[in-house]
J.: 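What follows is a structure written as structure tokens; I'll ask about it next.
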Amino acid sequence: MEEIMASNFIHDFIDEDLKSGVCSSVQTRFPPEPNGYLHIGHAKAICINFGTAKKYGGICNLRLDDTNPQKEDMEYVDAIKEDIEWLGFKWDKCLYASSYFDFIYECAIKLIKNSKAYVDDLTAEEIRQHRGTLTEPGKNSPYRDRSVSENLDLFEKMTNGEYENGARVLRAKIDMASPNLNMRDPVIYRIAHITHHQTGDKWCVYPMYDFAHPLSDARENVTHSLCSLEFENHRPLYDWFLKELNIKNPPRQIEFARLNLNYCLTSKRKCLALVNEKIVDGWDDPRMVTLSGMRRRGYPASAVRNFCEKIGVSKAYSVVDMGLLESCVRDELNESAERAMAVLRPLKVIIDNYPEGQTEEIEVDVHPNYPERGTRKVVFGREIFIERDDFMIEPVKKYFRFYKGSEVRLKSAYYATCTSYDTDENGEVTAIHCTYDPLTKGGNSPDGRKVKGTIHWVSAADSFRATVNLYDRLFDVPNPSDETERGFEENLNPNSLTVLNDCLIEGGLRNVKKSDVFQFMRQGYFCVDKFSTADNVIFNLTVALNSSWGKKE
RNA sequence: UGGGGUGUCGUCAAGUGGUAAGACACAGCACUUUGACUGCUGCAUUCGUAGGUUCAAAUCCUGCCACCCCAGCCA
């Protein structure tokens, strides 16, 4: 992984800081809260944080931002680590905000001693009422001017577990009239009698994000704290804490626009609903844009990284086209995936002039663009199967596959001409009959005659039945979060999953391993699903091939 | 009607006073034993908008418009 991140406005700031001597090296961090699974939006943040550190020869730590035990769980920290590693990044250290609880607590004491923080007895509702509104200033809490000693005493009692959840909070004493609501005496510690997944029952007071984050960054010597745009309003508060606590070489927070992708969902709440209501098959359902979902779908990590590089970094609100992600996946897989032939919706072909009971082996390139990668053997015989789409009773214009009288090339095998077809009582085509030209073995005609169409096939003699999951986008509207009428579930694409049980795959793929990826020629890229077994091989459609056929229809 | 941000092609996005990169998408042509890949061509006289400064403005100034974020003891 030698990619060097392209420059962006964040790097411009860093260049300035380096030049002016504000810092002499660069350190970033990726700070997810372990309360859900990582998705494509996190991938952008991961690439930016790790990519920036790498570009400047600096350090990037993973920091689990676990200051709210109520929502967090070990299950998520394990999944987060696994996903980051899969994406191809290596953290310098894996850290926890919770391991700074002592330090953060001392900082709170310091603020109290400096009369910059106070214990407030107001209820949550009262605090809300005192906060004022966007256009009206707030009112001071009646407890705002408690003495230092009383605050110290009360805060100690809070941490000793003498009060119920919500009974009191510690607030920073800033300015209840600030036009920035975050500066109106924000709560910095709350009481929560709950077991923390890292610190157990050691604490019953926990710092809020706004307090813990700048201190954690400072504690780790982060130089540039990169986060998304919604924290822009928090920056004055971030800087306030660092200044009041006299932090030397304070980290600098820089915000960038988070990633939005059309036709999919990244909201934790909504994804959880999809999982809980069993609309999808878990967090790693191949239709989800979670990292685990994309992994199971067969997206190469390098494609996801490349996508993150291509979308750039800016502060403009944007919605990136899903098509760009898919393009990155095709780009990568076109280079790496071995080719194979698979017939998803089989139609039997009988080659009437091919000797009954005879078969032959044909050598085919594993990758036509790279002959040096070798060949594989496929078996040809009298009975083969082709895609139902590759035959039409009444061909439409510019259709150059099979129809009565047409000659096409059976990929790598022979030219064949369709002579007739059989139907059942419903008029459904059950088989087609062809004659082949023995002189065209390998797919070339000695007399130089050309055919327009080349189609893939598998032989009845050497193919096996498999299940193929055809995936399409989960939602059929560009912005599924836009719940105009009913919930987002109204925007689900009813055809996001098509399960095909009678697909026929070329014999050589009988012993595939989980997560192997192939290009099924003329169709798309497919990977072996995690539930695949030797008896029932399951392929997932990773992404379909581009096609200029039928586009105008 | 407070504060903080953002507006450059259908979608992302370069551009930092010298006359609009690139990618995806789209269209066309060529090549092709994948209607794939690849190659070539086309695709913003214009940068939210109206003025102003300048020899010269997407870039500087002023007004206006649109959109996003903030009133959790969430992050």
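Sequence lines set the chain letters: A, B, ... in the order given, protein chains first and strands last, and positions in each chain run from 1.
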J.: Measure the distance from CD on A:Glu326 to C1' on B:U11 and round it to the nearest whole Å.
T.: 14 Å

J.: Contact class for A:Asn180 (heavy atom, under 4.0 Å): base, sugar-phosphate, or nothing?
T.: nothing

J.: Please classify the nucleic acid contact of A:Lys71 as base, sugar-phosphate, or nothing, using heavy-atom distances under 4.0 Å.
T.: base

J.: So A:Tyr189, base contact, sugar-phosphate only, or nothing? Heavy-atom distance under 4.0 Å.
T.: nothing

J.: If we call it a pair only when both distances are under 3.5 Å in a Watson-Crick or G-U wobble match, what pairs with B:G39?
T.: B:C29

J.: At 4.0 Å (heavy atoms only), tell me whether A:Asn369 reaches a base, stays on the sugar-phosphate, or touches nothing.
T.: base

J.: NA contact type, A:Leu122, heavy-atom cut-off 4.0 Å: base, sugar-phosphate, or nothing?
T.: base

J.: Classify the nucleic acid contact of A:Arg401 as base, sugar-phosphate or nothing, counting any heavy atom under 4.0 Å across all strands shown.
T.: base

J.: For the side chain of A:Val320, starting at C-beta, report the closest nucleotide among B:C12, B:A75, B:G35.
T.: B:C12

J.: In whole angstroms, how far is the P atom of B:C68 from the CG atom of A:Asn479?
T.: 11 Å

J.: Over all strands shown, is A:Met341 touching base, sugar-phosphate only, or nothing at heavy-atom distances under 4.0 angstrom?
T.: nothing

J.: Identify whether a stacking contact exists between A:Tyr209 and B:A75, where the ring centres must be under 5.5 Å apart and the planes under 30° apart.
T.: no

J.: Between the base of B:U34 and the side chain of A:Gln523, is there a donor-acceptor distance below 3.5 Å?
T.: no

J.: Give one of base, sugar-phosphate or nothing for A:Ile311, where a contact means two heavy atoms less than 4.0 Å apart.
T.: sugar-phosphate

J.: Mind calculating the distance between CG (A:Leu237) and P (B:G72) to the nearest angstrom?
T.: 15 Å

J.: Is the shortest side-chain heavy-atom distance between A:Cys271 and A:Thr290 below 4.5 Å?
T.: no

J.: For a quick check of understanding: with a heavy-atom distance under 4.0 Å over all strands, which category does A:His234 fall into, base, sugar-phosphate or nothing?
T.: base

J.: Please work out if A:Glu335 contacts a base, only the sugar-phosphate, or nothing of the nucleic acid, heavy-atom cut-off 4.0 Å.
T.: nothing

J.: Quantified in whole Å, what is the P atom distance between nucleotide B:A23 and nucleotide B:U41?
T.: 11 Å

J.: So, under a plain 3.5 Å distance rule, would you say the side chain of A:Asn233 forms a donor-acceptor pair with the base of B:C69?
T.: yes

J.: What integer distance in Å separates A:Ile80:CD1 from B:A75:C1'?
T.: 12 Å

J.: Answer with base, sugar-phosphate or nothing: what part of the nucleic acid does A:Ile127 contact at a heavy-atom distance below 4.0 Å?
T.: base

J.: Taking the same atom, C1', in B:G42 and in B:A25, what whole-Å distance lies between them?
T.: 14 Å

J.: Mind checking the C1' distance from B:A20 to B:U46? Whole angstroms is fine.
T.: 7 Å

J.: Taking syn as within 90° of 0 and anti otherwise, name the glycosidic form of B:G72.
T.: syn

J.: With a non-hydrogen cut-off below 4.0 angstrom, is A:Pro236 in contact with a base, only sugar-phosphate, or nothing?
T.: nothing

J.: Only pairs with both distances under 3.5 Å count, Watson-Crick or wobble alike; so what is the partner of B:U19 in this structure?
T.: none

J.: Is a donor-acceptor pair below 3.5 Å formed from side chain A:His130 to base B:A71, judging by atom type as modelled?
T.: no

J.: Do A:Tyr399 and A:Glu394 have side-chain N/O donor and acceptor atoms under 3.5 Å apart?
T.: no

J.: Do A:Asn68 and A:Glu33 have side-chain heavy atoms sitting under 4.5 Å apart?
T.: yes

J.: Judged by each residue's nearest nucleotide on RNA chain B, which is more toward the 5′ side, A:Thr135 or A:Asp210?
T.: A:Thr135

J.: Determine the Euclidean distance between corresponding P atoms of B:A57 and B:A71; express it in Å to zero decimal places.
T.: 43 Å

J.: Quick one: which of A:Glu361, A:Glu338, A:Glu506 gives a salt bridge (Lys or Arg N to Asp or Glu O under 4.0 Å) with A:Arg376?
T.: A:Glu506

J.: Relative to each other, are the rings of A:Phe380 and A:Tyr436 parallel, tilted or perpendicular (30° and 60° limits)?
T.: tilted

J.: Please give the distance between the C1' atoms of B:A13 and B:G72 as a whole number of Å.
T.: 35 Å

J.: Identify whether any heavy atom of A:Arg131 sits under 4.0 Å from a base atom; if not, whether one sits that close to sugar-phosphate; answer base, sugar-phosphate or nothing.
T.: sugar-phosphate

J.: How are the rings of A:Phe101 and A:Trp203 set relative to one another: parallel (under 30°), tilted (30 to 60°) or perpendicular (over 60°)?
T.: perpendicular

J.: Find the partner of B:A66: check Watson-Crick (N1-N3 plus N6-O4 or O6-N4) and G-U wobble (N1-O2, O6-N3) distances, both under 3.5 Å, and reply none if neither fits.
T.: B:U6

J.: Quantified in whole Å, what is the P atom distance between nucleotide B:A58 and nucleotide B:A75?
T.: 46 Å

J.: Just call it for A:Tyr206: base, sugar-phosphate, or nothing, with non-hydrogen atoms closer than 4.0 Å on any strand.
T.: nothing

J.: Sticking with atom C1', work out how far B:A14 lies from B:G51, rounded to a whole angstrom.
T.: 28 Å

J.: So, for A:Pro368 and A:Pro371, which heavy atoms are closest and what is the spacing to 0.1 Å?
T.: O-CD, 3.9 Å

